There are 2 protein chains.
Amino acid sequence: MIDQNIKIAVDAIVFGYEKGTLYVLAVQQRFGKLADRWVLPGGFILNDEPLLMAVERELKEEAGITVNYLEQLGTFGDDINRDERFRVISVAYFALVNPKNFVLKADTDAKDAKWFPITEIPQLGYDHNAMVNLAHQRLKSKLTYQPIGFDLLDQEFLFSDLENLYCSILERDIDRRNFRKKILSFGIVIETDKVVKMGASGRPGKLFTFDKTKYNQLLKGNFQFDISFA
Amino acid sequence: MIDQNIKIAVDAIVFGYEKGTLYVLAVQQRFGKLADRWVLPGGFILNDEPLLMAVERELKEEAGITVNYLEQLGTFGDDINRDERFRVISVAYFALVNPKNFVLKADTDAKDAKWFPITEIPQLGYDHNAMVNLAHQRLKSKLTYQPIGFDLLDQEFLFSDLENLYCSILERDIDRRNFRKKILSFGIVIETDKVVKMGASGRPGKLFTFDKTKYNQLLKGNFQFDISFA
DNA sequence: TTAACTTTGTGTTGTTTTAACACAAATTAA
DNA sequence: TTAATTTGTGTTAAAACAACACAAAGTTAA
(Lines give C-alpha, C1' and ligand atoms only; values in the text may rest on other atoms or scores of the structure.)
Protein backbone atom coordinates (compact mmCIF):
# COMPACT_ATOMS: atom_id res chain seq x y z
CA MET A 1 0.00 0.00 0.00
CA ILE A 2 1.09 3.49 -0.71
CA ASP A 3 1.39 5.77 2.29
CA GLN A 4 1.26 9.10 0.52
CA ASN A 5 0.25 12.01 2.70
CA ILE A 6 -0.28 14.55 -0.03
CA LYS A 7 -3.32 16.64 -0.90
CA ILE A 8 -4.24 18.11 -4.23
CA ALA A 9 -5.39 21.62 -4.81
CA VAL A 10 -6.14 23.74 -7.83
CA ASP A 11 -5.34 27.43 -8.11
CA ALA A 12 -6.22 29.92 -10.80
CA ILE A 13 -4.38 32.88 -12.21
CA VAL A 14 -7.21 34.97 -13.56
CA PHE A 15 -6.29 37.89 -15.77
CA GLY A 16 -8.51 40.85 -16.39
CA TYR A 17 -7.87 43.89 -18.54
CA GLU A 18 -9.30 47.34 -18.38
CA LYS A 19 -8.21 50.65 -19.85
CA GLY A 20 -4.62 49.76 -20.52
CA THR A 21 -4.02 47.88 -17.30
CA LEU A 22 -3.66 44.16 -16.79
CA TYR A 23 -5.01 42.80 -13.53
CA VAL A 24 -4.74 39.55 -11.61
CA LEU A 25 -7.40 38.32 -9.26
CA ALA A 26 -6.43 37.49 -5.68
CA VAL A 27 -8.45 36.62 -2.62
CA GLN A 28 -7.78 37.24 1.01
CA GLN A 29 -7.80 34.15 3.16
CA ARG A 30 -10.22 34.05 6.02
CA PHE A 31 -8.94 30.99 7.89
CA GLY A 32 -5.83 29.01 8.57
CA LYS A 33 -2.19 29.73 9.07
CA LEU A 34 -2.22 32.38 6.39
CA ALA A 35 -5.39 34.20 7.46
CA ASP A 36 -5.54 37.71 5.98
CA ARG A 37 -2.88 36.83 3.45
CA TRP A 38 -3.62 37.41 -0.23
CA VAL A 39 -3.47 34.28 -2.36
CA LEU A 40 -4.72 33.06 -5.69
CA PRO A 41 -8.25 31.75 -5.72
CA GLY A 42 -8.27 27.98 -5.41
CA GLY A 43 -8.62 25.12 -3.02
CA PHE A 44 -8.67 21.40 -2.53
CA ILE A 45 -10.42 19.24 -5.06
CA LEU A 46 -13.19 16.88 -4.15
CA ASN A 47 -12.68 13.14 -4.47
CA ASP A 48 -14.81 12.69 -7.52
CA GLU A 49 -14.44 16.12 -9.07
CA PRO A 50 -12.59 16.68 -12.33
CA LEU A 51 -9.80 19.25 -12.07
CA LEU A 52 -11.40 21.80 -14.38
CA MET A 53 -14.62 21.62 -12.49
CA ALA A 54 -12.81 22.20 -9.24
CA VAL A 55 -11.30 25.41 -10.58
CA GLU A 56 -14.61 26.64 -11.86
CA ARG A 57 -16.24 25.87 -8.56
CA GLU A 58 -13.60 27.69 -6.55
CA LEU A 59 -13.78 30.74 -8.77
CA LYS A 60 -17.50 30.85 -8.33
CA GLU A 61 -17.28 30.31 -4.59
CA GLU A 62 -14.43 32.60 -3.76
CA ALA A 63 -14.99 35.45 -6.16
CA GLY A 64 -18.31 34.93 -7.85
CA ILE A 65 -16.95 34.84 -11.38
CA THR A 66 -17.12 32.60 -14.45
CA VAL A 67 -14.20 32.91 -16.83
CA ASN A 68 -14.04 33.19 -20.59
CA TYR A 69 -10.95 31.10 -21.07
CA LEU A 70 -9.39 28.41 -18.92
CA GLU A 71 -6.48 26.11 -19.52
CA GLN A 72 -4.04 24.18 -17.44
CA LEU A 73 -0.83 26.04 -16.72
CA GLY A 74 1.24 23.56 -14.78
CA THR A 75 1.57 21.66 -11.55
CA PHE A 76 3.52 23.00 -8.64
CA GLY A 77 4.46 20.43 -6.14
CA ASP A 78 7.79 21.23 -4.73
CA ASP A 79 6.79 23.75 -2.12
CA ILE A 80 6.88 20.89 0.30
CA ASN A 81 6.32 22.87 3.46
CA ARG A 82 3.36 24.83 2.21
CA ASP A 83 1.16 23.28 4.83
CA GLU A 84 2.43 21.71 8.03
CA ARG A 85 -0.17 18.98 8.12
CA PHE A 86 0.60 17.49 4.70
CA ARG A 87 2.29 18.24 1.45
CA VAL A 88 0.15 20.06 -1.08
CA ILE A 89 0.49 19.73 -4.81
CA SER A 90 -1.33 22.34 -6.77
CA VAL A 91 -2.47 22.28 -10.36
CA ALA A 92 -2.45 25.86 -11.59
CA TYR A 93 -4.87 27.12 -14.22
CA PHE A 94 -4.58 30.09 -16.49
CA ALA A 95 -7.78 32.06 -16.99
CA LEU A 96 -9.07 35.14 -18.77
CA VAL A 97 -12.12 37.19 -17.99
CA ASN A 98 -13.61 40.56 -18.75
CA PRO A 99 -13.78 42.27 -15.36
CA LYS A 100 -16.71 44.41 -16.46
CA ASN A 101 -18.88 41.32 -16.59
CA PHE A 102 -18.72 40.67 -12.86
CA VAL A 103 -18.80 42.33 -9.52
CA LEU A 104 -16.29 40.54 -7.34
CA LYS A 105 -18.02 38.89 -4.46
CA ALA A 106 -15.97 37.22 -1.75
CA ASP A 107 -17.81 34.26 -0.35
CA THR A 108 -17.50 31.64 2.36
CA ASP A 109 -13.80 30.88 2.30
CA ALA A 110 -12.52 34.24 1.19
CA LYS A 111 -12.63 37.40 3.23
CA ASP A 112 -12.17 39.60 0.22
CA ALA A 113 -11.48 39.36 -3.51
CA LYS A 114 -9.67 42.00 -5.47
CA TRP A 115 -8.05 42.86 -8.78
CA PHE A 116 -4.36 43.74 -8.48
CA PRO A 117 -2.57 45.47 -11.33
CA ILE A 118 0.08 43.04 -12.54
CA THR A 119 2.73 45.58 -11.61
CA GLU A 120 1.51 45.83 -8.03
CA ILE A 121 1.01 42.28 -6.92
CA PRO A 122 1.76 41.91 -3.24
CA GLN A 123 3.64 39.01 -1.77
CA LEU A 124 1.20 36.15 -2.03
CA GLY A 125 1.01 33.04 0.10
CA TYR A 126 2.55 29.70 -0.88
CA ASP A 127 4.39 29.74 -4.21
CA HIS A 128 1.67 31.80 -5.84
CA ASN A 129 3.96 34.57 -7.03
CA ALA A 130 5.85 32.01 -9.09
CA MET A 131 2.58 30.87 -10.59
CA VAL A 132 1.64 34.43 -11.49
CA ASN A 133 4.98 34.96 -13.18
CA LEU A 134 4.66 31.83 -15.24
CA ALA A 135 1.10 32.71 -16.19
CA HIS A 136 2.16 36.20 -17.19
CA GLN A 137 4.77 34.80 -19.56
CA ARG A 138 2.20 32.40 -20.94
CA LEU A 139 -0.22 35.24 -21.54
CA LYS A 140 2.36 37.27 -23.39
CA SER A 141 3.49 34.49 -25.63
CA LYS A 142 0.03 33.11 -26.23
CA LEU A 143 -1.27 36.49 -27.26
CA THR A 144 0.99 36.31 -30.28
CA TYR A 145 -0.10 32.94 -31.59
CA GLN A 146 -3.68 32.49 -30.39
CA PRO A 147 -6.56 34.95 -30.52
CA ILE A 148 -7.13 35.02 -26.78
CA GLY A 149 -7.04 38.78 -26.42
CA PHE A 150 -10.71 38.87 -27.29
CA ASP A 151 -11.55 37.01 -24.10
CA LEU A 152 -10.37 40.05 -22.19
CA LEU A 153 -12.45 42.55 -24.15
CA ASP A 154 -16.12 43.32 -24.55
CA GLN A 155 -17.86 41.40 -27.26
CA GLU A 156 -17.91 44.56 -29.33
CA PHE A 157 -14.82 46.67 -29.20
CA LEU A 158 -13.05 49.48 -30.94
CA PHE A 159 -10.02 48.63 -32.96
CA SER A 160 -8.04 50.89 -30.71
CA ASP A 161 -9.07 48.79 -27.71
CA LEU A 162 -7.56 45.72 -29.29
CA GLU A 163 -4.48 47.62 -30.26
CA ASN A 164 -4.01 49.07 -26.78
CA LEU A 165 -4.46 45.66 -25.25
CA TYR A 166 -1.62 44.28 -27.33
CA CYS A 167 0.57 47.29 -26.66
CA SER A 168 0.11 47.26 -22.94
CA ILE A 169 0.35 43.52 -22.37
CA LEU A 170 3.32 43.04 -24.67
CA GLU A 171 4.83 46.26 -23.41
CA ARG A 172 5.83 47.64 -26.75
CA ASP A 173 4.73 50.00 -29.46
CA ILE A 174 2.86 48.68 -32.40
CA ASP A 175 2.35 50.39 -35.73
CA ARG A 176 -1.38 51.01 -35.90
CA ARG A 177 -1.60 50.63 -39.65
CA ASN A 178 0.34 47.39 -39.85
CA PHE A 179 -1.50 45.94 -36.90
CA ARG A 180 -4.88 46.70 -38.36
CA LYS A 181 -3.94 45.37 -41.76
CA LYS A 182 -2.70 42.11 -40.31
CA ILE A 183 -5.61 41.49 -37.98
CA LEU A 184 -8.14 42.27 -40.70
CA SER A 185 -6.31 40.07 -43.19
CA PHE A 186 -7.14 37.00 -41.08
CA GLY A 187 -10.82 37.63 -41.59
CA ILE A 188 -11.72 36.70 -38.03
CA VAL A 189 -12.44 40.22 -36.83
CA ILE A 190 -15.42 41.80 -38.43
CA GLU A 191 -16.65 45.31 -38.59
CA THR A 192 -20.17 45.94 -37.33
CA ASP A 193 -22.16 48.89 -38.57
CA LYS A 194 -22.32 50.39 -35.12
CA VAL A 195 -20.48 53.60 -34.63
CA VAL A 196 -19.63 54.71 -31.18
CA LYS A 197 -18.91 58.19 -29.96
CA MET A 198 -16.02 58.31 -27.60
CA GLY A 199 -16.61 59.70 -24.15
CA ALA A 200 -13.81 62.07 -24.87
CA SER A 201 -13.13 63.94 -28.03
CA GLY A 202 -12.10 62.47 -31.34
CA ARG A 203 -13.61 60.92 -34.41
CA PRO A 204 -16.15 58.16 -33.58
CA GLY A 205 -15.05 54.65 -34.42
CA LYS A 206 -16.75 51.51 -35.66
CA LEU A 207 -17.24 48.57 -33.34
CA PHE A 208 -15.72 45.21 -34.22
CA THR A 209 -16.38 41.65 -33.11
CA PHE A 210 -14.34 38.48 -33.06
CA ASP A 211 -15.83 35.79 -35.26
CA LYS A 212 -15.02 32.64 -33.34
CA THR A 213 -16.92 30.40 -35.72
CA LYS A 214 -14.85 31.64 -38.60
CA TYR A 215 -11.70 31.12 -36.57
CA ASN A 216 -12.60 27.53 -35.82
CA GLN A 217 -13.28 26.92 -39.49
CA LEU A 218 -9.92 28.32 -40.44
CA LEU A 219 -8.21 26.14 -37.87
CA LYS A 220 -9.38 23.07 -39.72
CA GLY A 221 -7.29 24.23 -42.65
CA ASN A 222 -3.77 25.21 -41.89
CA PHE A 223 -4.35 28.72 -40.79
CA GLN A 224 -2.00 30.06 -38.19
CA PHE A 225 -2.92 33.12 -36.15
CA ASP A 226 0.24 35.09 -35.63
CA ILE A 227 0.87 38.62 -34.48
CA SER A 228 4.48 39.52 -34.14
CA PHE A 229 5.92 42.93 -34.64
CA ALA A 230 9.30 44.55 -34.32
CA MET B 1 -9.96 18.34 7.78
CA ILE B 2 -9.83 17.34 4.18
CA ASP B 3 -10.80 13.77 3.42
CA GLN B 4 -9.19 13.44 0.03
CA ASN B 5 -8.49 9.90 -1.04
CA ILE B 6 -6.32 10.65 -4.02
CA LYS B 7 -2.80 9.54 -4.86
CA ILE B 8 -0.28 11.28 -7.05
CA ALA B 9 1.81 9.63 -9.69
CA VAL B 10 4.18 10.80 -12.35
CA ASP B 11 4.45 9.29 -15.81
CA ALA B 12 6.89 9.96 -18.59
CA ILE B 13 6.54 10.00 -22.32
CA VAL B 14 10.08 9.33 -23.45
CA PHE B 15 10.84 9.82 -27.11
CA GLY B 16 13.75 8.22 -28.89
CA TYR B 17 14.74 8.55 -32.52
CA GLU B 18 16.76 6.26 -34.71
CA LYS B 19 17.16 5.99 -38.46
CA GLY B 20 14.05 7.86 -39.45
CA THR B 21 11.77 6.37 -36.83
CA LEU B 22 10.38 7.99 -33.73
CA TYR B 23 9.95 5.71 -30.73
CA VAL B 24 8.17 5.92 -27.40
CA LEU B 25 9.27 4.01 -24.35
CA ALA B 26 6.79 1.75 -22.60
CA VAL B 27 7.12 -0.77 -19.82
CA GLN B 28 5.19 -3.91 -19.11
CA GLN B 29 3.62 -4.04 -15.70
CA ARG B 30 4.57 -6.89 -13.47
CA PHE B 31 1.97 -6.52 -10.72
CA GLY B 32 -1.52 -5.30 -10.07
CA LYS B 33 -4.76 -5.23 -11.92
CA LEU B 34 -3.05 -4.42 -15.18
CA ALA B 35 -0.26 -7.01 -14.96
CA ASP B 36 1.32 -7.68 -18.37
CA ARG B 37 -0.21 -4.51 -19.74
CA TRP B 38 2.07 -1.99 -21.42
CA VAL B 39 2.06 1.43 -19.80
CA LEU B 40 4.23 4.50 -19.68
CA PRO B 41 7.05 4.37 -17.19
CA GLY B 42 6.07 6.10 -13.97
CA GLY B 43 4.74 5.58 -10.51
CA PHE B 44 3.71 7.12 -7.24
CA ILE B 45 5.78 9.89 -5.81
CA LEU B 46 7.31 9.75 -2.37
CA ASN B 47 6.11 12.09 0.32
CA ASP B 48 9.12 14.33 0.31
CA GLU B 49 10.22 13.87 -3.27
CA PRO B 50 10.05 16.68 -5.83
CA LEU B 51 8.10 15.77 -8.94
CA LEU B 52 11.03 15.93 -11.32
CA MET B 53 13.08 13.72 -9.09
CA ALA B 54 10.28 11.19 -8.97
CA VAL B 55 10.25 10.96 -12.75
CA GLU B 56 13.98 10.57 -12.93
CA ARG B 57 13.90 7.88 -10.30
CA GLU B 58 11.17 5.94 -12.03
CA LEU B 59 12.94 6.09 -15.37
CA LYS B 60 16.07 4.79 -13.76
CA GLU B 61 14.25 2.05 -11.88
CA GLU B 62 11.92 0.86 -14.57
CA ALA B 63 14.05 1.19 -17.68
CA GLY B 64 17.55 2.07 -16.61
CA ILE B 65 17.76 5.33 -18.51
CA THR B 66 18.64 8.96 -17.87
CA VAL B 67 17.10 11.42 -20.28
CA ASN B 68 18.56 14.40 -22.11
CA TYR B 69 15.53 16.61 -21.85
CA LEU B 70 12.66 16.63 -19.39
CA GLU B 71 9.80 19.03 -18.93
CA GLN B 72 6.34 18.92 -17.49
CA LEU B 73 3.65 18.12 -20.01
CA GLY B 74 0.44 18.32 -18.04
CA THR B 75 -1.60 16.77 -15.30
CA PHE B 76 -4.19 14.15 -15.99
CA GLY B 77 -6.65 13.65 -13.24
CA ASP B 78 -9.97 12.87 -14.68
CA ASP B 79 -9.56 9.17 -15.25
CA ILE B 80 -11.31 8.74 -11.95
CA ASN B 81 -11.63 4.98 -12.06
CA ARG B 82 -8.04 4.28 -12.97
CA ASP B 83 -7.51 2.43 -9.72
CA GLU B 84 -10.30 0.94 -7.67
CA ARG B 85 -8.66 1.69 -4.33
CA PHE B 86 -8.31 5.44 -4.84
CA ARG B 87 -8.32 8.12 -7.48
CA VAL B 88 -4.99 8.71 -9.13
CA ILE B 89 -3.84 12.01 -10.53
CA SER B 90 -0.82 11.81 -12.73
CA VAL B 91 1.63 14.50 -13.68
CA ALA B 92 2.94 13.63 -17.13
CA TYR B 93 6.44 14.55 -18.24
CA PHE B 94 7.82 14.91 -21.73
CA ALA B 95 11.30 13.52 -22.24
CA LEU B 96 13.88 13.05 -24.97
CA VAL B 97 16.73 10.61 -25.09
CA ASN B 98 19.13 9.11 -27.58
CA PRO B 99 18.31 5.40 -27.52
CA LYS B 100 21.83 4.49 -28.52
CA ASN B 101 23.10 5.71 -25.18
CA PHE B 102 21.30 3.05 -23.18
CA VAL B 103 20.38 -0.57 -23.13
CA LEU B 104 16.88 -0.83 -21.79
CA LYS B 105 16.84 -2.73 -18.55
CA ALA B 106 13.55 -3.56 -16.91
CA ASP B 107 13.90 -3.62 -13.17
CA THR B 108 11.92 -4.37 -10.04
CA ASP B 109 8.49 -3.06 -10.96
CA ALA B 110 8.61 -3.61 -14.67
CA LYS B 111 8.63 -6.96 -16.37
CA ASP B 112 9.97 -5.55 -19.59
CA ALA B 113 10.82 -2.22 -21.19
CA LYS B 114 10.61 -1.57 -24.90
CA TRP B 115 10.70 1.07 -27.60
CA PHE B 116 7.54 1.24 -29.67
CA PRO B 117 7.51 3.10 -32.98
CA ILE B 118 5.09 5.98 -32.58
CA THR B 119 2.96 4.52 -35.34
CA GLU B 120 2.66 1.18 -33.58
CA ILE B 121 1.82 2.02 -30.04
CA PRO B 122 -0.44 -0.62 -28.52
CA GLN B 123 -3.35 0.15 -26.31
CA LEU B 124 -1.76 1.29 -23.08
CA GLY B 125 -3.18 1.14 -19.59
CA TYR B 126 -4.93 4.06 -17.89
CA ASP B 127 -5.19 7.20 -20.03
CA HIS B 128 -1.65 6.79 -21.28
CA ASN B 129 -2.53 6.85 -24.96
CA ALA B 130 -3.97 10.32 -24.47
CA MET B 131 -0.73 11.37 -22.83
CA VAL B 132 1.29 10.03 -25.73
CA ASN B 133 -0.84 11.93 -28.21
CA LEU B 134 -0.45 15.18 -26.35
CA ALA B 135 3.28 14.64 -26.03
CA HIS B 136 3.56 13.87 -29.72
CA GLN B 137 1.90 17.16 -30.59
CA ARG B 138 4.16 18.95 -28.16
CA LEU B 139 7.21 17.38 -29.75
CA LYS B 140 6.14 18.44 -33.20
CA SER B 141 5.43 22.00 -32.29
CA LYS B 142 8.40 22.38 -30.01
CA LEU B 143 10.74 21.14 -32.70
CA THR B 144 9.93 24.25 -34.68
CA TYR B 145 10.65 26.82 -32.01
CA GLN B 146 13.22 25.23 -29.73
CA PRO B 147 16.39 23.36 -30.63
CA ILE B 148 15.40 20.14 -28.94
CA GLY B 149 16.05 17.88 -31.91
CA PHE B 150 19.66 17.68 -30.84
CA ASP B 151 18.67 15.84 -27.69
CA LEU B 152 17.55 12.96 -29.86
CA LEU B 153 20.77 12.76 -31.88
CA ASP B 154 24.37 11.81 -31.20
CA GLN B 155 26.55 14.63 -30.03
CA GLU B 156 28.16 14.67 -33.47
CA PHE B 157 25.87 14.18 -36.39
CA LEU B 158 25.64 14.55 -40.11
CA PHE B 159 23.59 17.38 -41.45
CA SER B 160 21.44 14.82 -43.17
CA ASP B 161 20.66 13.21 -39.81
CA LEU B 162 19.25 16.47 -38.54
CA GLU B 163 17.37 17.01 -41.74
CA ASN B 164 15.88 13.52 -41.67
CA LEU B 165 14.87 13.93 -38.07
CA TYR B 166 12.87 17.03 -38.96
CA CYS B 167 11.36 15.42 -42.02
CA SER B 168 10.26 12.29 -40.28
CA ILE B 169 8.95 13.84 -37.08
CA LEU B 170 7.15 16.67 -38.83
CA GLU B 171 6.04 14.30 -41.56
CA ARG B 172 6.82 16.53 -44.46
CA ASP B 173 9.43 17.27 -47.05
CA ILE B 174 11.96 19.94 -46.41
CA ASP B 175 14.15 21.62 -48.96
CA ARG B 176 17.69 20.55 -48.06
CA ARG B 177 19.30 23.76 -49.18
CA ASN B 178 16.92 26.10 -47.42
CA PHE B 179 17.01 24.01 -44.27
CA ARG B 180 20.78 24.00 -44.13
CA LYS B 181 21.00 27.70 -44.83
CA LYS B 182 18.56 28.53 -42.07
CA ILE B 183 20.06 26.27 -39.42
CA LEU B 184 23.57 27.47 -40.17
CA SER B 185 22.45 31.10 -40.13
CA PHE B 186 21.65 30.78 -36.42
CA GLY B 187 25.26 30.00 -35.67
CA ILE B 188 24.40 27.37 -33.08
CA VAL B 189 25.35 24.36 -35.18
CA ILE B 190 29.01 24.14 -35.93
CA GLU B 191 30.98 22.13 -38.39
CA THR B 192 33.73 19.94 -36.97
CA ASP B 193 36.67 18.94 -39.10
CA LYS B 194 35.76 15.29 -38.85
CA VAL B 195 34.67 13.64 -42.01
CA VAL B 196 32.77 10.44 -41.86
CA LYS B 197 32.45 7.77 -44.51
CA MET B 198 28.99 6.45 -44.79
CA GLY B 199 28.44 2.78 -44.29
CA ALA B 200 26.77 2.82 -47.66
CA SER B 201 27.85 4.60 -50.77
CA GLY B 202 27.95 8.32 -51.30
CA ARG B 203 30.19 11.26 -50.68
CA PRO B 204 31.47 11.43 -47.08
CA GLY B 205 30.02 14.21 -44.97
CA LYS B 206 31.30 16.46 -42.23
CA LEU B 207 30.13 15.98 -38.66
CA PHE B 208 28.35 18.83 -36.89
CA THR B 209 27.67 19.62 -33.25
CA PHE B 210 25.11 21.73 -31.45
CA ASP B 211 26.71 24.60 -29.56
CA LYS B 212 24.50 24.88 -26.50
CA THR B 213 26.63 27.55 -24.88
CA LYS B 214 26.24 29.75 -27.91
CA TYR B 215 22.53 29.10 -27.93
CA ASN B 216 22.19 30.17 -24.31
CA GLN B 217 24.14 33.31 -25.05
CA LEU B 218 21.87 34.17 -27.94
CA LEU B 219 18.81 33.61 -25.78
CA LYS B 220 19.88 36.47 -23.56
CA GLY B 221 19.52 38.75 -26.55
CA ASN B 222 16.29 38.47 -28.46
CA PHE B 223 17.17 35.57 -30.64
CA GLN B 224 14.35 33.28 -31.61
CA PHE B 225 15.04 29.78 -32.91
CA ASP B 226 12.49 29.09 -35.58
CA ILE B 227 12.27 26.42 -38.24
CA SER B 228 9.13 26.51 -40.26
CA PHE B 229 8.81 25.49 -43.86
CA ALA B 230 6.02 25.25 -46.35
C1' DT C 1 -17.92 80.40 -35.42
C1' DT C 2 -13.51 79.44 -35.65
C1' DA C 3 -9.27 77.41 -34.34
C1' DA C 4 -7.02 73.87 -31.80
C1' DC C 5 -7.19 69.32 -30.34
C1' DT C 6 -8.15 64.41 -30.36
C1' DT C 7 -9.04 60.06 -32.32
C1' DT C 8 -10.18 57.12 -36.50
C1' DG C 9 -9.09 55.56 -40.94
C1' DT C 10 -6.28 54.64 -44.96
C1' DG C 11 -1.62 53.32 -49.09
C1' DT C 12 2.90 53.13 -50.75
C1' DT C 13 7.57 51.80 -50.89
C1' DG C 14 12.00 49.88 -49.86
C1' DT C 15 13.90 45.94 -47.38
C1' DT C 16 13.98 41.41 -45.75
C1' DT C 17 12.56 36.81 -45.77
C1' DT C 18 10.92 32.89 -47.87
C1' DA C 19 10.14 29.35 -51.48
C1' DA C 20 11.41 27.15 -55.45
C1' DC C 21 14.69 25.23 -58.04
C1' DA C 22 19.66 22.11 -60.44
C1' DC C 23 24.06 20.69 -60.84
C1' DA C 24 28.92 19.55 -59.55
C1' DA C 25 31.96 16.86 -56.26
C1' DA C 26 33.30 12.71 -53.64
C1' DT C 27 32.77 8.36 -52.85
C1' DT C 28 31.11 3.12 -53.38
C1' DA C 29 29.28 -0.75 -56.06
C1' DA C 30 28.87 -3.07 -60.20
C1' DT D 1 35.03 3.02 -66.11
C1' DT D 2 30.26 3.59 -65.57
C1' DA D 3 26.27 3.96 -62.73
C1' DA D 4 24.49 4.96 -58.38
C1' DT D 5 24.47 7.41 -54.04
C1' DT D 6 25.08 11.10 -50.95
C1' DT D 7 27.14 15.79 -49.82
C1' DG D 8 27.57 20.47 -50.81
C1' DT D 9 26.49 24.92 -52.83
C1' DG D 10 23.69 30.06 -55.28
C1' DT D 11 20.20 32.54 -57.64
C1' DT D 12 15.86 34.47 -58.33
C1' DA D 13 11.02 35.59 -58.12
C1' DA D 14 7.39 36.24 -54.82
C1' DA D 15 5.66 37.30 -50.39
C1' DA D 16 5.86 39.41 -45.98
C1' DC D 17 7.37 42.97 -43.20
C1' DA D 18 8.72 47.64 -41.46
C1' DA D 19 8.63 52.29 -41.84
C1' DC D 20 6.32 56.14 -42.75
C1' DA D 21 2.13 60.86 -43.08
C1' DC D 22 -1.97 62.93 -43.86
C1' DA D 23 -7.02 63.59 -44.33
C1' DA D 24 -11.63 62.96 -42.04
C1' DA D 25 -14.87 63.33 -38.15
C1' DG D 26 -15.78 64.68 -34.21
C1' DT D 27 -15.13 67.66 -29.39
C1' DT D 28 -13.41 71.57 -26.59
C1' DA D 29 -11.95 76.10 -25.79
C1' DA D 30 -11.30 80.69 -27.23
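Numbered from 1 within each chain, the chains take letters A, B, ... in sequence-line order. Predicted model, so just to flag it, every value in this text is computed and none were measured. These numbers come from the heavy atoms of this one structure, side chains and all, not from hydrogens, waters or symmetry mates.
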Rounded to the Å, how far apart are [X] [atom1] and [N] [atom2]?
X        : N      : atom1 : atom2 : value
A:Lys206 : D:dA24 : NZ    : C1'   : 12 Å
A:Phe179 : C:dT8  : CZ    : C1'   : 15 Å
B:Asp173 : C:dA20 : CG    : C1'   : 13 Å
A:Phe186 : D:dA16 : CZ    : P     : 11 Å
A:Asp226 : D:dA15 : CG    : P     : 19 Å
A:Arg180 : D:dC17 : CZ    : P     : 19 Å
A:Phe157 : C:dT8  : CZ    : C1'   : 15 Å
B:Ile183 : D:dT9  : CD1   : C1'   : 17 Å

ring-ring contact (aromatic ring centres under 6.0 Å, His included) partners of A:Phe208, counting only residues at least two apart: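 Testing A:Phe208 for ring-ring contact (aromatic ring centres under 6.0 Å, His included), a comparison that skips the adjacent residues, returns A:Phe159.
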
Under the ring-ring contact (aromatic ring centres under 6.0 Å, His included) test, residues paired with A:Phe94 that sit two or more places apart: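 For A:Phe94, the residues satisfying ring-ring contact (aromatic ring centres under 6.0 Å, His included) (neighbours in sequence not counted) are A:Phe15.
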
Ionic contact status for A:Glu56 with A:Lys60, cut-off 4.0 Å: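 Answer for the salt bridge query: no.
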
Short side-chain N/O contact to C:dT8 OP1/OP2 from A:Ser160, under 4.0 Å: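 Answer yes for this pair, as a side-chain N or O of A:Ser160 is under 4.0 Å from OP1 or OP2.
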
Under-4.0 Å side-chain N/O to phosphate OP1/OP2 contact, B:Arg176 with D:dG8: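 It does not, given that no N or O in the side chain of B:Arg176 lies less than 4.0 Å from OP1 or OP2 of D:dG8.
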
Validation row: A:Thr209, A:Val189 side chains within 4.5 angstrom (heavy atoms):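 Heavy-atom side-chain distance check fails, nothing below 4.5 Å.
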
Close side-chain approach of A:Tyr23 and A:Tyr17, heavy atoms under 4.5 Å: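 No - every pair of side-chain heavy atoms lies 4.5 Å or more apart.
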
Report, one pair per line, the protein and nucleotides 11-17 of chain C atoms (nitrogen or oxygen only) whose separation is under 3.5 Å.
unit_1: C:dT12; atom_1: O4; unit_2: A:Lys181; atom_2: NZ; d: 3.1

Can you tabulate the close N/O pairs, meaning under 3.5 Å, that link protein atoms to atoms of nucleotides 24-27 of chain C?
unit_1: C:dA25; atom_1: N3; unit_2: B:Arg203; atom_2: NH1; d: 3.2
unit_1: C:dA26; atom_1: N3; unit_2: B:Arg203; atom_2: N; d: 3.4

Salt bridge (charged side-chain N to carboxylate O under 4.0 Å, His left out) pairs, two or more places apart, involving residues 146-162 of chain B: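 Qualifying pairs: B:Lys100-B:Asp154, B:Glu156-B:Lys194.
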
Sequence neighbours excluded - salt bridge (charged side-chain N to carboxylate O under 4.0 Å, His left out) pairs with any residue from residues 204-215 of chain A: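 Output for this query lists A:Glu191-A:Lys206.
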
Worked check of ring pair (Phe, Tyr, Trp, His ring centres under 6.0 Å) between B:Phe210 and B:Phe157: CA-CA 9 Å; B:Phe210 171 55; B:Phe157 51 86; 8.4 Å; no

Pair A:Gln217, A:Tyr215: side-chain N/O donor-acceptor within cut-off below 3.5 Å: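 The answer is no; no qualifying pair exists.
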
